[in-house]
Structures are given as C-alpha cells and as structure tokens.
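In what follows, a single structure is set out as structure tokens and then discussed.
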Amino acid sequence: MKLSPGAEEVATFYAKMLDHEYTTKDIFRKNFFKDWRKEMTSEEKSKITELKKCDFTEMHEYFKAQSEARKQMSKEEKRKTKEENERILQEYGFCVMDNHRERIGNFRIEPPGLFRGRGDHPKMGKLKRRIRPEDIIINCSKDSAHPRPPPGTRWKEVRHDNKVTWLVSWTENIQGSIKYIMLNPSSRIKGEKDWQKYETARRLKKCVERIRAQYREDWRSKEMRIRQRAVALYFIDKLALRAGNEKDEGETADTVGCCSLRVEHIRLYPQLERQDFVVEFDFLGKDSIRYYNKIPVEKRVFKNLQLFLENKQSEDDLFDRLNTSILNKHLQELMDGLTAKVFRTYNASITLQQQLKELTSPDENIPEKILSYNRANRAVALLCNHQRAPPKTFEKSMQNLQIKIDEKKKQLSAAKKEHKAAKADARTLRDEKSKKAVEMKKKAVERISEQLMKLEVQATDREENKQIALGTSKLNYLDPRISVAWCKKWTVSIEKIYNKTQREKFAWAIDMADDDFEF
DNA sequence: CAATCCAACTCTGGGGCTAAGTG
DNA sequence: CCACTTAGCCCCAGAGTTGGATT
C-alpha cells in the first residue's frame with residue numbers, strides 16, 4: 001500500500017525496529033499504532049485498522065540493504081563521509097565561552113522516532129516528534145553571533161541567560177520535559193563542577209563518623225519521622241542507594257530509590273543462613289535495573305523496620321514519614337552542601353582508594369597491576385549496582401580467548417623443549433654459536449610466557465566483568481585524582497587506565513594530583 | 001625461505017545517544 | 001518547573017588478526 005509521506009515516515013520508524021524486542025511488547029505496539037493513526041489520512045485510517053495485519057518486512061529489508069550498502073562503501077567514499085562529518089563537527093560542534101573555544105557535548109538535535117523507554121514504560125512506542133526551529137530556544141551572549149534558523153523559519157526565542165550553562169533547549173513531547181544542548185565533559189565549566197563534587201565528598205569524609213553516630217542515635221528517637229530518616233540514611237550510607245524521589249505514577253516505569261521503597265521491596269528474616277537480622281532487598285532502581293541484596297543489619301535497624309511495616313499493605317511506602325526533600329533538608333544541616341547523592345560519591349571513591357591499597361602489590365607486573373585496578377573499580381561498581389546485560393557475543397569471545405590461551409600454552413611448551421635441546425647442544429659443543437642459540441631460545445620462552453600471562457589476566461578480567469559495567473562509576477563516582485595518584489605511585493602510565501576521552505574529561509585531575517594524593 | 005606488506009576480515013572499545021535520575 | 005548529573009544500550013570505526021602476495 002502506498003502511504004502518505006507523514007504516515008510513511010512513522011511506519012519506517014517501526015519497520016527499522018522489527019528485530020527489536022520492543023515490537024513484541026503490547027504497550028509498545030498499542031502506543032505506536034495509536035500515534036501512527038494520528039499521522040494517517042482519512043482513507044489510510046479507514047483501511048489500516050489493525051497493527052497485526054500490517055507487514056513491514058519490505059521496508060525492513062530496505063533499511064537492512066541500506067546499512068549493508070553503507071558497509072560496502074569504497075575506501076574513498078568512506079574517507080569522504082568522514083571528512084564531511086569532521087567538517088560538521090568543526091562548524092557546529094564548538095562554541096566560545098569566556099573566550100575559550102569549547103567542545104559542545106550533544107550538538108545534534110534528537111531526530112524523530114519511537115520512544116524507547118526503559119523497563120516497563122507506559123509510554124514506550126509513542127511517536128517522538130520532529131523538532132522544528134520554532135521549538136528551539138537559543139541561549140547565548142547578547143553580542144554573540146548565534147546560528148541562524150533555516151530560511152523562512154524562526155527560533156522560538158533567543159535569550160541571554162548567563163546563570164545557566166545550556167546553549168539550546170527544547171521541550172520534548174513524550175514527558176513534556178526540557179532537553180538541553182550543553183558543553184562536553186572536557187569543558188572548563190563541567191570540569192570545575194566535577195571537581196567541586198569530589199571536594200564536597202571529601203568534606204563528608206571529615207564528618208561522616210559524626211553523622212553515623214548521629215543516625216545510630218536517631219534509631220532510638222521517640223519520633224517516627226526521625227527513626228525513618230535515620231534508617232533510610234543508614235541504607236543510603238551502607239548500601240549506596242539512590243535518594244528515591246517521587247515519580248508520577250502512570251507516566252513512567254515503576255522504579256524506586258531509598259525514600260520511595262515500598263513494603264513489597266523488602267523482606268525481613270530474624271534468622272537466615274546462620275546470620276541474624278537479615279534484610280532482603282528486591283526492587284527495580286534507575287533504568288529498571290534490579291537491585292537484589294541480602295544484608296545483616298543491626299538489631300535496632302531490624303526492629304525499626306518491623307515497626308515501619310506494621311499495619312501496612314505491600315504497596316504502601318516503607319518510609320511513610322519521609323521523602324527526599326525532608327532527608328536533604330536534614331543533611332544540609334549536618335554539613336553544608338550535603339545531599340543524599342554525596343554519600344554515593346563518597347562511598348564509591350573511598351572504596352576505590354581502600355581497595356587499591358589492599359589489592360595492589362609491589363611485585364605485580366603491569367598487567368597484574370591493571371587487573372588489580374579493575375578489581376578495585378569492580379568493587380565500586382558492585383556497591384553502586386552498575387550492571388549491564390552480558391554482551392551478546394560474550395560466550396563466543398570467551399571461547400576465542402580460551403583457544404588463544406591453549407595455543408599459547410602449546411607454543412610455550414614447544415619453546416621450552418627447544419630451549420632444553422639447545423642447552424644440551426651447548427654442553428656438548430661448547431662453542432659461541434650454540435651458547436648464543438641458548439640465549440635466543442631462553443628469550444623466546446620468556447616472551448611467550450609473558451604473552452600467555454597477559455592472555456590469562458585478560459580472560460580473568462573479562463570473566464569477572466561479565467555482568468558489571470565499570471564505566472559509570474569511573475566516569476561519575478570515582479575521584480580521578482585517586483587513579484592518577486595510583487598510576488604515579490606504581491609508574492603505570494595513565495593511558496592504561498583512562499582512554500583519550502577520559503583523559504580529556506579528567507585533565508584537571510591529571511594536572512593536579514601527585515602520587516601522594518589522599519581522597 | 002624469511003621478512004614484509006597489504007587487503008580483507010573479525011572483534012571490541014569507545015563514543016553517541018538519550019532516557020532517567022537528583023536537587 | 002528547570003537545570004543539571006547519571007545511566008545503559010547500540011553501533012561502528014578502527015585496532016587487531018589473518019592469510020596470501022611480494023620482496
């Protein structure tokens with residue numbers, strides 16, 4: 001069926017996703033179909049009444065062929081597109097802020113498509129509208145030459161607000177929230193903010209014992225709200241839970257953080273696996289990532305939790321007298337700038353520092369040192385519950401690595417044999433030439449066993465990383481100065497720990513930290 | 001025959017993207 | 001409501017590998 005341009009475009013959004021699990025979900029299909037119909041002409045509307053009768057495979061094949069063709073481009077064509085992308089980056093990817101040319105983070109407007117909410121999102125599949133010049137607010141200095149709207153159109157507004165950092169904003173149509181174009185993490189303004197964040201966490205380090213003593217005291221308060229606040233803070237501190245703001249029901253996936261935990265998210269075991277007072281957590285957190293943990297707690301915490309649960313239904317709030325703004329107000333009084341998320345930053349960074357101290361040993365070689373670093377990083381990722389879906393190719397790539405290891409082992413034993421033979425030769429011949437041969441063979445054995453060791457370390461690292469994402473903590477929670485200091489202390493080059501982008505983001509820390517930096 | 005080169009292929013790290021949090 | 005940080009997924013450039021040709 002030949003579609004009108006509007007309806008056709010929306011259909012292609014769906015056709016492109018045919019391989020994706022989304023298109024099997026009822027909500028996704030229902031939302032898509034409803035929004036698709038809005039784009040149809042009245043003839044189309046009367047003809048196309050059921051999604052399950054629509055066959056998108058031809059469109060799907062078309063796009064597959066397109067991407068195949070892109071892959072088959074000649075070297076020359078690839079070079080051309082690369083050059084063109086670079087030109088676009090140079091023209092639109094930078095701005096001048098306070099006389100410095102700075103890289104912009106996301107300088108491309110989000111294209112239209114079908115909304116891909118995470119988890120059980122009630123709005124998945126809805127049409128995400130195309131953004132037009134009339135939707136765009138430009139924010140720049142009064143005297144700056146800002147980009148002009150395309151001919152015949154105008155911006156929604158051009159304003160000059162120097163109290164905010166964004167350059168462009170627009171309102172998206174799914175949640176009605178505002179989207180921004182801001183600077184790259186390597187920019188001065190982001191770097192300073194980042195530095196500040198870690199300095200706040202370091203100030204918490206100085207008073208965290210006092211705060212802990214305080215909330216432990218508050219577990220015995222005669223006021224319910226204070227007990228709830230104290231138990232929640234204990235969880236945030238001990239388990240690095242997120243604050244847990246309220247969310248509008250029905251508009252978003254049902255996920256929770258600490259303050260929004262419900263009765264159904266915890267179970268209490270006076271005894272479990274020979275431990276006393278165990279709390280079992282099972283809930284969906286940010287991005288609908290499951291948090292599952294069983295931890296023994298102090299008796300007082302346990303008794304309090306029993307009290308909070310009294311006479312409640314499973315869908316009732318665990319902390320009914322608490323929310324994030326109450327908690328943060330309290331924290332603000334304990335320390336200037338203290339909020340719930342500072343605990344996550346603090347606990348992540350201090351854990352990295354401790355783990356690095358514990359795991360790094362002077363007699364490790366460089367690959368082993370890096371394994372130790374990654375293990376320290378992993379401890380943090382575990383604490384913060386940074387998970388990932390095991391890569392689709394995980395099993396295969398593990399197998400490949402194992403094959404390499406086996407081959408290397410064979411190579412090694414062959415090399416060892418040759419070395420032995422050469423030594424025997426040298427004993428009988430006793431000439432310079434055979435002595436040299438022994439040296440050569442010895443070198444070969446050493447080289448191969450080092451290669452083997454590297455492969456084995458790599459396999460361990462990869463296996464341990466199967467379901468854990470290190471990137472999030474590395475980028476957002478770990479004071480980079482800890483890593484820089486560690487590199488300097490053990491003469492590991494910084495490139496082994498941070499790639500190019502990360503080095504740009506953490507330039508401030510690389511400049512600043514010496515080998516004796518203490519978080 | 002070893003060394004070197006190079007094209008073609010494979011695989012993965014990193015960057016882009018944008019949703020979903022916090023305050 | 002607004003501005004900002006935090007988050008996982010996806011894709012593909014480019015690094016690494018292979019294998020055959022050439023030196």
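In this text, all values refer to a predicted model and were calculated from it rather than measured experimentally. Each chain gets a letter, A, B and so on, in the order the sequences are listed, and its residues count up from 1.
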- Distance below 4.0 Å between A:T339 side-chain N/O and B:dG23 OP1 or OP2: yes
- Touch class at under 4.0 angstrom, heavy-atom based, for A:I289 against every strand present: sugar-phosphate
- Note on the structure: A:R388 atom CZ is separated from B:dT12 atom P, nearest whole Å, by 11 Å
- Note on the structure: Rounded to whole Å, NE2 of A:H386 lies from P of C:dA7 at a distance of 4 Å
- Side chain of A:I178 - closest among C:dA3, C:dC10, B:dA19: C:dA3
- A:K123 charged N/C atom sitting above A:F115 aromatic ring, 6.0 Å / 45°: no
- Message: Please confirm whether the shortest side-chain N or O distance from A:S177 to OP1 or OP2 of B:dA19 is below 4.0 Å.
- Response: no
- Pair A:E333 + A:K329, salt bridge at N-O below 4.0 Å: no
- Message: On the nucleotide C:dT6, are OP1 or OP2 found under 4.0 Å from the side-chain N or O atoms that A:K341 carries?
- Response: yes
- Give the rounded distance in Å between these two atoms: CD of A:Q66 and P of C:dC11. 16 Å
- Query: A:K505 near the nucleic acid: base, sugar-phosphate alone, or nothing, with a heavy-atom cut-off under 4.0 Å?
  - Reply: nothing
- Is A:K25 paired with A:D120 through a side-chain N to carboxylate O contact shorter than 4.0 Å? no
- Task: Round to a whole Å and report the spacing from CD of A:E172 to C1' of B:dT18.
- Result: 10 Å
- Is the Lys NZ or Arg CZ of A:R101 less than 6.0 Å from the centre of A:F94's six-membered ring, within 45° of the axis? yes
- Query: Is A:A340 touching bases, backbone alone, or none of the nucleic acid, heavy atoms closer than 4.0 Å?
  - Reply: sugar-phosphate
- Name the nucleic acid region contacted by A:G244, choosing base, sugar-phosphate or nothing; use a 4.0 angstrom heavy-atom cut-off, strictly under. sugar-phosphate
- Message: Please identify which of these residues, A:W36, A:Y22, A:F13, meets the ring-ring contact (aromatic ring centres under 6.0 Å, His included) condition with A:F28.
- Response: A:Y22
- Pick the nucleotide of DNA chain C nearest each of A:R70 and A:R242; which residue has the one closer to the 5' end? A:R242
- base_contact_polar (C:dT6 base, A:K286 side chain, donor-acceptor, <3.5 Å): yes
- Can you tell me the distance, in whole Å, between the CD1 atom of A:I189 and the P atom of C:dA3? 13 Å
- Task: Please figure out whether A:K163 or A:A389 has its closest DNA chain C nucleotide nearer the 5' end.
- Result: A:K163
- Closer than 4.0 Å, any side-chain N/O of A:K128 to the OP1 or OP2 of B:dA19? yes
- Query: Checking all strands, does A:N245 fall into the base, sugar-phosphate, or nothing category for heavy-atom contacts under 4.0 angstrom?
  - Reply: base
Which protein N or O atoms sit under 3.5 Å from an N or O of nucleotides 15-17 of chain B?
unit_1 : atom_1 : unit_2 : atom_2 : d
B:dG15 : OP1    : A:T501 : OG1    : 2.2
B:dG15 : OP2    : A:T501 : OG1    : 2.1
B:dG15 : O5'    : A:T501 : OG1    : 3.2

- Proximal nucleotide (of B:dT22, C:dT5, B:dA19) relative to the A:A243 side chain: B:dT22
- Query: Does the side chain of A:R344 come under 3.5 Å of the side chain of A:Y477 through a donor N or O and an acceptor N or O?
  - Reply: yes
- Verify the contact: side-chain N or O of A:R344 to OP1 or OP2 of C:dA7, cut-off strictly under 4.0 Å; return yes or no. yes
- Item | Candidate nucleotides C:dC10, C:dC4, B:dG23, ranked by approach to the side chain of A:N328 - the nearest | B:dG23
- Specify the separation, in whole Å, of atom NZ of A:K197 and atom C1' of B:dT22. 12 Å
- Task: Determine the contact category for A:K193: base if any of its heavy atoms lies under 4.0 Å from a base atom, sugar-phosphate if only primed atoms, P, OP1 or OP2 are that close, otherwise nothing.
- Result: sugar-phosphate
- Base, sugar-phosphate, or nothing: which does A:T252 touch, judged by heavy atoms less than 4.0 Å apart? nothing
- Message: C:dA7, OP1 or OP2 - any side-chain N/O from A:Y477 closer than 4.0 Å?
- Response: yes
- Message: For A:I289, is there any backbone N or O sitting under 3.5 Å from a side-chain donor or acceptor partner on A:D287?
- Response: no
- State plainly whether the residues A:R130 and A:D135 are in salt-bridge range, i.e. N to O under 4.0 Å. no
- Message: Over all strands shown, is A:T255 touching base, sugar-phosphate only, or nothing at heavy-atom distances under 4.0 angstrom?
- Response: sugar-phosphate
- A:Q90 atom CD, over 12 foreign heavy atoms within 6.0 Å: yes
- Task: Send over the distance from A:E246 CD to B:dT22 P, rounded to a whole Å.
- Result: 10 Å
- Message: Just the rounded figure in Å: distance from C1' of C:dT5 to CG of A:D194.
- Response: 9 Å
- Task: Would you please confirm or rule out a distance under 4.0 Å between OP1 or OP2 of B:dA20 and any side-chain N or O of A:H121?
- Result: yes
